[in-house]
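Notes to accompany the following structure.
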Amino acid sequence: MLAEAALTELPLWAGLALLALAGAVAAVINTMAGGGSLLTIPVLIGLGLPPGLANGTLRVGVAVQNAASVITFHRRGVRAYRPFLRLVVPMVVGAAGGTALATRLPDDSLRIVFGVMLAAWAVVLVLRPGRFLESPTEPRPVGWLALVLSALIGIYGGFLQAGVGFPLLALLVTYLGHEAVVANAIKMMLVLAYTAISLPMFALAGQVAWREGLALAAGAMVGGWLGTRLQLRVGAKLVRWVVVIAVGISGIAMLRGALG
């Protein structure tokens, strides 16, 4: 495609600068709502990384972004560790299984999966833009269904990562009833925990481009800090439609590349 060809022709410094910028924007979106990886995956692929390598590489930025966000939440007094501890084990186990599957799929299959999931998330967000911030009046305790859902989300996150913030918010806000800011703090801790397992698995499979990953991480560190501070002041709704538009465009572009 013309867009991908244009990106591959960029000088090395410009490509790395673009990744740092994409990492910063994605981190702000991730900390405030979710879906930032839906922006970084097309950039990584556009710069010439095969889908499998892009899927592993983006985890470097995700790890740094979530670490910066978790530290900022803690320092600002948002410390929801009890629900995190209840949910983290099944999520990490699920993520290990999802990562093992992702490292074994060929790039052609992953490209189709990426395109389908990008487009699907766009449809979900357009039809129900407020779905992930609707909560019951009282928080629910973490029961067996929440543990099962946590494991399933872990499988998805370990396999793909892109868009994992949306089902996590659905679990934490819509089902368990946590306030949005608290839910995002738990979300960042959970993603950091399973990324600590997924990233080494991708690295051992030779599916991490460290130069590109560190460029993403440089931007993600700033974006994770900034997005968390903005969220504590404003909330998650600011970036919702930006994510919808970006996801829709990226999904259509990647489906055309995969099928045409």
Side-chain angles (χ1 to χ4, degrees), residues 19-20 22-41 44 54-81 83-85 87-96 98-99 132 150 153-173 178 180-203 208 210 212-232 236 239 243:
L19 281 174
V25 174
V28 170
I29 292 172
N30 280 335
T31 55
M32 296 182 71
S37 297
L38 299 168
L39 306 180
T40 54
I41 284 178
L44 286 165
N55 192 24
T57 300
L58 71 88
R59 316 295 175 128
V60 182
V62 168
V64 172
Q65 159 216 300
N66 283 273
S69 182
V70 167
I71 291 170
T72 304
F73 272 124
H74 179 84
R75 288 177 174 175
R76 299 296 292 269
V78 183
R79 303 169 182 176
Y81 297 119
F84 160 74
L85 292 173
L87 296 169
V88 66
V89 173
M91 186 161 292
V92 167
V93 172
T99 303
F132 305 101
S150 179
I153 294 169
I155 292 171
Y156 175 83
F159 177 74
L160 189 57
Q161 178 62 37
V164 73
F166 301 132
L168 268 172
L169 286 179
L171 170 63
L172 295 168
V173 177
H178 293 287
V181 172
V182 174
N184 269 319
I186 301 168
K187 178 190 74 178
M188 306 310 284
M189 289 188 284
L190 289 170
V191 174
L192 179 61
Y194 80 64
T195 302
I197 301 298
S198 292
L199 179 57
M201 292 178 67
F202 278 108
V208 175
W210 289 104
E212 287 79 1
L214 291 173
L216 275 177
M221 181 182 299
V222 176
W225 171 81
L226 177 62
T228 302
R229 290 180 64 87
L230 287 173
Q231 178 187 165
L232 289 169
V239 297
V243 175

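On a predicted model such as this, the values are computed, not experimentally measured, just so you know.
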Exercise. Taking all heavy atoms of L199 and all of G56, pick out the closest pair and write down the distance.
Key: CD1-O, 4.1 Å
Practice problem: Determine the minimum heavy-atom distance between A63 and L192, stating which atoms define it. | Solution: O-CD1, 3.5 Å
Quiz prompt | T57 side chain near W210 side chain, heavy-atom distance below 4.5 Å | solution = no
Quiz item: Counting N and O atoms only, with roles assigned by atom type, does the side chain of K187 sit under 3.5 Å from a partner on the main chain of L172, one being a donor and the other an acceptor?
Solution: no
Practice problem: Take atom CE of M201 as the centre, draw a 6.0 Å sphere, and report whether it contains more than 12 heavy atoms from other residues, nucleotides or ligands. | Solution: yes
Quiz item: Can you list the steps and then say if M91 with L168 is a side chain to side chain contact (heavy atoms under 4.5 Å, CB included)?
Solution: CA-CA 11 Å; M91 186 161 292; L168 268 172; 3.4 Å; yes
Quiz prompt | side-chain hydrogen bond (donor to acceptor under 3.5 Å, both in side chains) involving Q161 - partner list, sequence neighbours excluded | solution = Y194
Exercise. Work out which heavy atom in V60 is nearest to a heavy atom in G213; give both atom names and the distance.
Key: CG1-O, 3.5 Å
Practice problem: Check whether any side-chain heavy atom of L216 lies under 4.5 Å from a side-chain heavy atom of L44, and answer yes or no. | Solution: yes
Quiz item: Are F73 and R79 close enough that some pair of their side-chain heavy atoms sits under 4.5 Å apart?
Solution: no
Exercise. With rounding to the nearest 0.5 Å, note down the distance linking CG in L160 to CG in L58.
Key: 8.5 Å
Quiz item: Between A183 and L169, what is the shortest heavy-atom contact and its length?
Solution: CB-CD2, 4.2 Å
Self-check item: Minimum-distance pair of heavy atoms, taken over all atoms of L19 and A215
Solution: CB-CB, 4.0 Å
Self-check item: Donor-acceptor contact present, side-chain Y156 to main-chain G98, <3.5 Å
Solution: no
Practice problem: Compute whether any side-chain donor of one residue and acceptor of the other, for S69 and T228, lie under 3.5 angstrom apart. | Solution: yes
Quiz item: Can a donor-acceptor pair be found between the side chains of S198 and T99 at a distance below 3.5 Å?
Solution: yes
Quiz item: With distance as the sole test, does S150 use its side chain to make a donor-acceptor pair with the main-chain N or O of L87 at under 3.5 Å?
Solution: yes
Quiz item: From T40 OG1 over to Q65 CD, what is the distance, rounded to the nearest 0.5 angstrom?
Solution: 9.0 Å
Quiz prompt | Y81 side chain near H74 side chain, heavy-atom distance below 4.5 Å | solution = yes
Quiz item: Are V164 and I153 side-chain neighbours, meaning at least one heavy-atom pair lies under 4.5 Å?
Solution: yes
Practice problem: Show your reasoning for whether side chain to side chain contact (heavy atoms under 4.5 Å, CB included) applies to R59 and V208. | Solution: CA-CA 8 Å; R59 316 295 175 128; V208 175; over 6 Å; no
Practice problem: Give a yes or no answer on whether the side chain of N55 reaches the backbone of F159 with a donor-acceptor pair at less than 3.5 Å. | Solution: yes
Practice problem: Can you measure from CE (M188) to OG1 (T72) and round to the nearest 0.5 angstrom? | Solution: 9.5 Å
Self-check item: Minimum-distance pair of heavy atoms, taken over all atoms of F84 and A193
Solution: CE1-CB, 4.2 Å
